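What you see is a predicted model; the values in this text were computed from it and never measured.
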Amino acid sequence: MNIRNLKDQPLDEIQVKKAGRQIKGFLIGLLKVVIIIGISYIILGPLITIIANSFFTANDLYNPVVMLLPAEGTLQNYITSFTRMTYPRTLATTFAYVISLTLIQILICSMAGYGFARYEFPFKKVLFGCVILTIVIPNDTLMLPLYTQFRNFDIFGILHLVTGHGINLLSTEVPMYIMTALGCGLRSGLYIYIFNQFFRGLPKEIEEAAVVDGAGSFYTYFRIMLVNAMPSVLTVSIFSLVWQYNDTFYAKLFSINSKFLMSMRISTLRASIEFIDQIKDTAVSQLYLYAGIVLMVIPIVIIYILLQKRFIEGASRSGIVG
């Protein structure tokens, strides 16, 4: 609409249109808020309930008036769970285990992703398809092969030839380190895909300039390409930390010591409290479990809060959203 037509329009009609646009914008904004609140409640509702119940006493639990906020409230649930989990020691051993696996995954998966993105070799597409299959295939289908493999571990039959039997690696963390070092650890296929997508987005002129300057393949990768891939490294680091920290599938499959990992500690916490503290009421012992869950979640939440901005940036640049 030009200026002349705008002047010819009555003032009331212009005001009505402006008010209509404002009402429309308000209704759309209100709808967005309602949707966000609804989705947030669905996602955060169980966590809010766990946090609230972790402060309940036995009287609060059986008080029909109490719904979410405790009437009496107590920190004894946290004190007991903290003690039974041997929290500081378990957290330290868990993070030592998780961080070591994360560093191995970053190294191996980034090298594999870089190789698929930059080099041409026979059966490249077939091998990358196998990487994608490791993302798609459920872990449950691999339980029996993995268990039997590490129950009687051998390398190309060499140990059977020399000693007559393999090595039982169960009840140790060694199977996880072997799988991670070979690029088939927990979610390694996804990490290879993330690095592949990121390296494909980097200009090849960077490597060409490095070659002109006399840099070799390993120098180019470690000192140039991996440095430029820090957003994807951070994304993989957070994913690996969280999934390794919460993993119970491989921990139970390989019978890793429950005193070693936080995820295994939390799975035995309720039974420990019922046995040691002689709490026979399962509903009350559940309150202690809720406190243990909150204690387990706190370190991961802190890590995410500190790295949230860089994590979102790395995820968007790695091509895993949208």
Side-chain angles (χ1 to χ4, degrees), residues 36-102 173 237-252 256-311:
I36 291 174
I37 293 176
I39 295 176
S40 300
Y41 178 77
I42 294 173
I43 296 174
L44 298 178
L47 182 59
I48 294 173
T49 302
I50 289 174
I51 295 174
N53 289 347
S54 66
F55 293 99
F56 276 23
T57 63
N59 294 332
D60 290 328
L61 181 64
Y62 291 106
N63 188 343
V65 179
V66 175
M67 297 299 294
L68 188 61
L69 298 178
E72 298 179 5
T74 181
L75 292 175
Q76 187 59 43
N77 300 339
Y78 284 93
I79 296 172
T80 303
S81 298
F82 188 93
T83 303
R84 297 290 171 253
M85 293 170 68
T86 57
Y87 188 78
R89 180 181 177 182
T90 305
L91 187 64
T93 55
T94 300
F95 268 103
Y97 167 80
V98 167
I99 291 174
S100 60
L101 287 178
T102 298
E173 304 81 42
S237 299
I238 296 177
F239 278 145
S240 182
L241 279 171
V242 173
W243 280 329
Q244 297 283 1
Y245 184 82
N246 295 325
D247 173 55
T248 57
F249 175 80
Y250 286 112
K252 291 181 178 180
I256 298 177
N257 192 339
S258 60
K259 297 181 180 180
F260 187 78
L261 297 178
M262 188 69 71
S263 59
M264 296 296 289
R265 271 288 192 181
I266 202 70
S267 64
T268 60
L269 175 62
R270 185 173 176 179
S272 299
I273 290 176
E274 290 177 355
F275 177 75
I276 298 175
D277 298 288
Q278 294 296 305
I279 297 177
K280 303 303 180 182
D281 191 335
T282 57
V284 175
S285 64
Q286 185 75 17
L287 301 179
Y288 293 91
L289 178 61
Y290 288 152
I293 292 173
V294 174
L295 290 173
M296 180 180 175
V297 170
I298 287 175
I300 296 300
V301 173
I302 293 174
I303 291 174
Y304 179 75
I305 291 174
L306 295 176
L307 301 177
Q308 178 184 11
K309 182 178 179 180
R310 293 184 178 273
F311 170 72

Asks: On a heavy-atom basis, which atom in Met296 and which in Pro299 lie closest, and how many Å separate them?
Replies: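 In this case the closest contact between Met296 and Pro299 is O-CD, 3.3 Å.
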Asks: Nearest 0.5 Å please: distance from the CG atom of Leu44 over to the CD1 atom of Ile51.
Replies: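 Leu44 atom CG to Ile51 atom CD1 measures 9.0 Å (nearest 0.5 Å).
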Asks: Going through the checks in order, is the side chain to side chain donor-acceptor pair (under 3.5 Å) test met by Thr86 and Arg265?
Replies: CA-CA 9 Å; Thr86 57; Arg265 271 288 192 181; 3.0 Å; yes
Asks: What pairs with Phe275 under ring pair (Phe, Tyr, Trp, His ring centres under 6.0 Å), at least two apart in sequence or on another chain?
Replies: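 Per chain and number, Phe275 pairs via ring pair (Phe, Tyr, Trp, His ring centres under 6.0 Å) with no residue.
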Asks: Using ring pair (Phe, Tyr, Trp, His ring centres under 6.0 Å) as the criterion, list what pairs up with Phe260, not counting sequence neighbours.
Replies: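 With neighbours one apart ignored, the set is Tyr97.
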Asks: Using the test side chain to side chain donor-acceptor pair (under 3.5 Å), find all partners of Thr74 that sit at least two apart in sequence or belong to another chain.
Replies: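 Checked Thr74 against side chain to side chain donor-acceptor pair (under 3.5 Å); zero matches.
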Asks: Would you please indicate yes or no on a ring centroid separation below 6.0 angstrom for Phe95 and Tyr245?
Replies: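 Tyr245 vs Phe95: aromatic centres under 6.0 Å.
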Asks: Please collect all side-chain hydrogen bond (donor to acceptor under 3.5 Å, both in side chains) contacts where either partner lies in residues 44-59, sequence neighbours excluded, each pair once.
Replies: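 side-chain hydrogen bond (donor to acceptor under 3.5 Å, both in side chains) check on residues 44-59 returns Ser54-Tyr78, Thr57-Asp60, Thr57-Glu72, Asn59-Glu72.
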Asks: Answer whether the closest heavy-atom distance between the side chains of Phe82 and Leu295 falls below 4.5 Å.
Replies: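 The answer is yes, as the side chains (C-beta and beyond) meet within the 4.5 Å cut-off.
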Asks: Minimum heavy-atom separation for Leu75 to Phe55, with atom names?
Replies: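 Closest heavy-atom pair between Leu75 and Phe55: CD2-CE2, 3.6 Å.
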Asks: So which heavy atom on Ile266 is nearest to which on Ile293, and how close?
Replies: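 Nearest heavy atoms, Ile266 then Ile293: CD1-N, 3.5 Å.
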Asks: Could you state the interatomic distance from CE (Met85) to CG (Leu91), rounded to the nearest 0.5 Å?
Replies: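 Met85 CE to Leu91 CG: 8.5 Å, rounded to 0.5 Å.
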Asks: Between Thr90 and Tyr87, is there a donor-acceptor pair closer than 3.5 Å when you use the side chain of the first and the backbone of the second?
Replies: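 No; zero donor-acceptor contacts below 3.5 Å.
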Asks: Provide the closest heavy-atom pair for Tyr288 versus Gln76 in the form atom of the first, atom of the second, distance.
Replies: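 Heavy-atom minimum between the residues: CE2-O, 4.1 Å.
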Asks: List the residues meeting side chain to side chain contact (heavy atoms under 4.5 Å, CB included) with Leu241, not counting sequence neighbours, and say none if there are none.
Replies: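 By the side chain to side chain contact (heavy atoms under 4.5 Å, CB included) rule, Leu241 matches Val98, Ile99, Thr102.
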Asks: Which atoms form the tightest heavy-atom contact between Ile42 and Pro46, and what is the distance?
Replies: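 That would be O-CD, 3.5 Å.
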Asks: Would you please name every residue forming a side chain to side chain donor-acceptor pair (under 3.5 Å) with Asn257, sequence neighbours left out?
Replies: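 Applying side chain to side chain donor-acceptor pair (under 3.5 Å) to Asn257 gives none.
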Asks: Starting at CD1 of Ile48, measure out to OH of Tyr41 and round the result to the nearest 0.5 Å.
Replies: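 That separation rounds to 7.5 Å.
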Asks: Which one of Thr268, Leu269, Ile79 satisfies the side-chain contact (heavy atoms from CB on, under 4.5 Å) criterion with Arg84?
Replies: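 Between Arg84 and the candidates, side-chain contact (heavy atoms from CB on, under 4.5 Å) is satisfied uniquely by Leu269.
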Asks: Please list, chain by chain and in numerical order, all residues satisfying side chain to side chain contact (heavy atoms under 4.5 Å, CB included) with Thr248, sequence neighbours excluded.
Replies: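 Testing Thr248 for side chain to side chain contact (heavy atoms under 4.5 Å, CB included), a comparison that skips the adjacent residues, returns Lys252, Ser263.
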Asks: Who pairs with Asp281 by side chain to side chain donor-acceptor pair (under 3.5 Å), at least two apart in sequence or on another chain?
Replies: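 For Asp281, the residues satisfying side chain to side chain donor-acceptor pair (under 3.5 Å) (neighbours in sequence not counted) are Tyr62.
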Asks: If the condition is side chain to side chain contact (heavy atoms under 4.5 Å, CB included), which residues does Leu306 pass it with, not counting sequence neighbours?
Replies: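 Residues passing side chain to side chain contact (heavy atoms under 4.5 Å, CB included) with Leu306: Ile302.
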Asks: Taking side chain to side chain donor-acceptor pair (under 3.5 Å) as the definition, give me every residue that meets it alongside Ser81, ordered by chain and number, with sequence neighbours left out.
Replies: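 Result, side chain to side chain donor-acceptor pair (under 3.5 Å) vs Ser81: none returned.
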Asks: Using the ring pair (Phe, Tyr, Trp, His ring centres under 6.0 Å) criterion, which residues pair with Phe249? Sequence neighbours excluded.
Replies: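 Per chain and number, Phe249 pairs via ring pair (Phe, Tyr, Trp, His ring centres under 6.0 Å) with no residue.
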Asks: How close do Met264 and Ser267 get, heavy atom to heavy atom, and via which atoms?
Replies: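 Looking at all heavy atoms of both residues, the shortest contact is O-OG, 2.6 Å.
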Asks: Output all residues satisfying side chain to side chain contact (heavy atoms under 4.5 Å, CB included) with Val65, sequence neighbours left out; order by chain, then residue number.
Replies: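 With neighbours one apart ignored, the set is Asn63.
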Asks: Roughly how far, to the nearest 0.5 Å, is the CD1 atom of Ile279 from the OG1 atom of Thr80?
Replies: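 Spacing of OG1 (Thr80) from CD1 (Ile279) equals 6.5 Å.
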Asks: For the CD1 atom of Ile300 and the CD1 atom of Ile238, what is their distance to the nearest 0.5 Å?
Replies: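 So the CD1 of Ile300 and the CD1 of Ile238 are separated by 10.0 Å.
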